[in-house]
Visitor: 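One structure is given below, represented as structure tokens, and several questions about it will come after.
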Protein chains: 2
Amino acid sequence: MLTERFLRNKRNVSLSLGERECLEAAISEVQTIEPRRVLVKAGDKLDHSTLLIDGIMSRHIDDHNGLRQLVAIHVPGDFVDLHAYPLKTLDHDVASMTTAVVGMVPHGKLDDIISERPQLGRKLWYATLLDAAIHRAWLFRLGRLAAVGRIAHFLCETNARLAAVGLSDGRQFPLALTQTDISEICGLTHVHVNRVMRQLREERLCIFRSSVVEILDPVGLAARGQFDPTYLYIDQ
Amino acid sequence: MLTERFLRNKRNVSLSLGERECLEAAISEVQTIEPRRVLVKAGDKLDHSTLLIDGIMSRHIDDHNGLRQLVAIHVPGDFVDLHAYPLKTLDHDVASMTTAVVGMVPHGKLDDIISERPQLGRKLWYATLLDAAIHRAWLFRLGRLAAVGRIAHFLCETNARLAAVGLSDGRQFPLALTQTDISEICGLTHVHVNRVMRQLREERLCIFRSSVVEILDPVGLAARGQFDPTYLYIDQ
DNA sequence: TGGGCAAATTAACTTTTATCAACACGAATA
DNA sequence: TATTCGTGTTGATAAAAGTTAATTTGCCCA
């Protein structure tokens, strides 16, 4: 089922089978996207939103020097640009980081869902607010944490998000990002990311190699990143 | 009218008179709050949301050393914690920065609005997504801009937001924040904020003194902060 | 009018991170 | 097997921002 990971294990919002089928039916088309494709540019007018089924996608804002700040990454089960439904245009770009499989959901079908199934509509709203909660955690990361903490926090978050949708066992997970990607997420240079990665390795906290993250000391890594997963609103 | 500034001058979402009256009627109580009061702690269960009528409020996340990162500031017309309506608990604290006048809106009344006036419900959703768009701009600010740029960007944003609700003439506006507040917004120390403020003053870009911001060179300041107001979704 | 106090300001010094420049490694390919 | 290219790694140096500690300013109030 394409929507099986949507809001999976999220507090207060388990979808009924009927709701899940309804959402599934709203997917007009499934596409496979190459890695590193920019799908949406800031300002584009959108008539559909994108449910990520497989792979990793990102949202970013460009600066005047052609550098970019990632403002979100998305894992399977996330509605990548659902906020484009009320907002109509986006304030940032959307891109694939890996090969990605996505389901396109026309906004017209969302209109139908809202009017026919207001409870499901509320859950879509909720999904966009989870995104905002993650934005806030990223603000904390960038504003208050030094380089080691930022990367530790990011790795803990990604582990928790992937675990919630069954893509991490809590210790180890595939993550096909480069150190440059991490630098664009954490507001650092790729050179400094490399140094921090070595430090995490030497302190036996975490190893990130060959597109696999292995967390050796989950408690220690969380402490380094002052990571508290409450903001992810994961069940239990 | 208490709700007169809500979504004022925002693109695609002008409220009809009926909608505004409906929202007005949903305010159960108006309160005046002293400066520097923490109204909501992370994790609190909320049964109402707060419309800011006058003053400045903030949302922040505490770190392990008792320092805080502000994740949002709110100006009159903003629904400070509307996202608590779908989420039920917050991931951060809410506080007043100045003396503030707020309208309390019970979540039960929002339920009624959603079911009886789905169009207005959509606009409430929209309002929470504007918050998220501002979060993303703050991520850009913290992740890609150096100290001068961060402060320039913040001052431009605040000017634009206040101007949209009639509280700035585009050049000068009252802003009762301390340099320490700015440091908690921009992820800097208050000492460094002070140095940057002097620099902005010496470059004749902006003067912030006695709780008044005076923008001497709007274009220059925006350039310094790479500020593009599109993300605020302001009309025109 | 003189304390008291929060906020602003400044200086000296330290730490962190960026910048610049090589070089190494490994997978894909000719 | 040699080549290429993206990615990772390392070192030297510079720049930015943090830390610590005074000092000043402006304002409220006894």
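Naming convention: chains lettered A, B, ... in sequence-line order (proteins, then strands); numbering from 1 in each chain. Note that the structure is a prediction, hence the values are computed from the model and not measured.
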Visitor: In whole angstrom, give the distance that lies between atom CD of Gln199(B) and atom C1' of dT10(C).
Guide: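 To the nearest whole Å, that distance equals 15 Å.
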Visitor: Could you check whether Arg195(B) and His192(B), counting side-chain N and O atoms only, form a donor-acceptor pair closer than 3.5 Å?
Guide: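 Looking only at side-chain atoms, Arg195(B) and His192(B) do form a donor-acceptor pair, the distance falling under 3.5 Å.
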Visitor: Throw together a table of side-chain donor-acceptor distances under 3.5 angstrom for residues 39-47 of chain A, partners on residues two or more places apart or in other chains.
Guide:
| unit_1 | atom_1 | unit_2 | atom_2 | d |
| --- | --- | --- | --- | --- |
| Lys41(A) | NZ | Asp93(A) | OD2 | 3.0 |
| Asp44(A) | OD2 | Lys41(A) | N | 2.9 |

Visitor: Using a 4.0 Å heavy-atom cut-off, write out nucleotides 8-21 of chain D from 5' to 3' as B (base contacted by protein), S (sugar-phosphate only) or - (no contact).
Guide: SBBBB----BBBB-
Visitor: What integer distance in Å separates Asp63(A):CG from dA18(C):P?
Guide: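 Result: 14 Å.
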Visitor: In terms of the angle between their ring planes, are Phe140(B) and His153(B) parallel, tilted or perpendicular, with boundaries placed at 30° and 60°?
Guide: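 Rings of Phe140(B) and His153(B): tilted, 30 to 60°.
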Visitor: To the closest 0.5 Å, what do you measure between CH2 (Trp138(A)) and CG (Leu142(B))?
Guide: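 Taking CH2 in Trp138(A) and CG in Leu142(B), the distance rounds to 13.0 Å.
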Visitor: Determine whether a donor-acceptor pair (N or O, by modelled atom type, separation under 3.5 Å) exists between the side chain of Ser96(A) and the backbone of Arg37(A).
Guide: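 Pair found, side chain donor or acceptor close to backbone of Arg37(A).
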Visitor: Which whole-number value in Å describes the distance from Leu142(B) CG to dT17(C) P?
Guide: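 Interatomic distance, CG of Leu142(B) to P of dT17(C): 15 Å.
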Visitor: Between the side chains of Thr128(B) and Asp131(B), is a donor N or O closer than 3.5 angstrom to an acceptor N or O?
Guide: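 Per modelled atom types, Thr128(B) and Asp131(B) side chains form no pair under 3.5 Å.
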Visitor: Calculate the interatomic distance between Asp181(A) atom CG and dT7(D) atom C1'; express it in whole Å.
Guide: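 In whole Å, dT7(D) C1' and Asp181(A) CG are 11 Å from each other.
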